[in-house]
Amino acid sequence: KQEVTQIPAALSVPEGENLVLNCSFTDSAIYNLQWFRQDPGKGLTSLLLIQSSQREQTSGRLNASLDKSSGRSTLYIAASQPGDSATYLCAVIGGGSNYKLTFGKGTLLTVNP
Amino acid sequence: DAGVTQSPTHLIKTRGQQVTLRCSPKSGHDTVSWYQQALGQGPQFIFQYYEEEERQRGNFPDRFSGHQFPNYSSELNVNALLLGDSALYLCASSTQDAYGYTFGSGTRLTVV
């Protein structure tokens, strides 16, 4: 059974800091990995998707890496802004006939002005 | 280009009642999944529909059922509501190869 863990559970940083969010998964046989952002009480916004054959993806100030063999992914946020405050969720898709996303509990990020 | 649309946004029901939630997928997507998210938790997979059939199901009781229509839209039905069914229900759409998912804004269900 796939399990996804996100560390830390919460993070508070001053504006302008670079930060790293961590995600680990127990079964390395994944199809791809997706990072999402969730604002309080809202739906999920996709940030980055990394296919199992890729090592990293970048979008603006965000960079996500994937080390499938060790079951780890990191989301790097450069020059953080107060508008980045949200919960960040990591999810993996198993592949084969397993189409579901398995999520971690998320990291609650607060960026202070 | 419209993304995933869910209705209603909020709903209050009494224990024992039945509820239907609706979802229209993103244009170009033919697969719809439903997730339940309790407060402070990650979303939990309920089931996925493709070609109007349930393709995969998570660990949820039979009180949770669904349907997909020929236009790819979907409904989630929950019977005999329990207080523990109170949660944010999220719909996600994708192409059939599950390459990546797009989520809707969710329906907040409160059971009293």
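Values below: every heavy atom of this structure, side chains too, minus hydrogens, waters and symmetry copies.
- If you check the side chains of Thr95(B) and Asp30(B), you find no donor sitting under 3.5 Å from an acceptor.
- With a 4.5 Å cut-off on non-hydrogen atoms, Gln37(B) touches chain A through its side chain but not through its backbone.
- Among Thr102(A), Leu101(A), Leu49(A), the residue making the largest number of heavy-atom pairs under 4.5 Å with chain B is Leu101(A).
- Counting heavy atoms of neighbouring residues, nucleotides and ligands inside a 6.0 Å radius, atom CG of Asp97(B) exceeds 12 of them.
- Side chain to side chain, Gln41(B) and Gln44(B) fail the donor-acceptor criterion of an N or O pair below 3.5 Å.
- Within the model, atoms CG of Leu109(B) and CG of Leu81(B) stand 6.0 Å from one another, a figure rounded to the nearest 0.5 Å.
- Within the 4.5 angstrom heavy-atom criterion, atoms from both the backbone and the side chain of Lys100(A) approach chain B.
- Using a 4.5 Å cut-off between heavy atoms, Tyr99(A) contacts chain B through both its backbone and its side chain.
- Ring-plane geometry between Phe103(B) and Phe36(A) is classed as perpendicular, the angle between the planes exceeding 60 degrees on a 0 to 90 degree scale with a lower cut at 30.
- Interface residue Gln38(A): only side-chain heavy atoms are found under 4.5 Å from chain B.
- For the atom pair CZ (Arg15(B)) and CG (Asp85(B)), the distance works out to 12.0 Å, reported to the nearest 0.5 Å.
- For the pair Arg55(B) and Thr31(B), the minimum side-chain heavy-atom distance is below 4.5 Å.
- Using a 4.5 Å cut-off between heavy atoms, Tyr35(B) touches chain A through its side chain atoms alone.
- Heavy-atom pairs under 4.5 Å with chain B peak, among Asn98(A), Leu89(A), Thr87(A), at Asn98(A).
- The candidate from Gly40(B), Ser33(B), Gly42(B), Pro43(B) with the greatest count of non-hydrogen atom pairs under 4.5 Å with chain A is Pro43(B).
- Residue contact with chain B, scored on non-hydrogen atoms closer than 4.5 Å, involves the backbone and the side chain of Leu44(A) alike.
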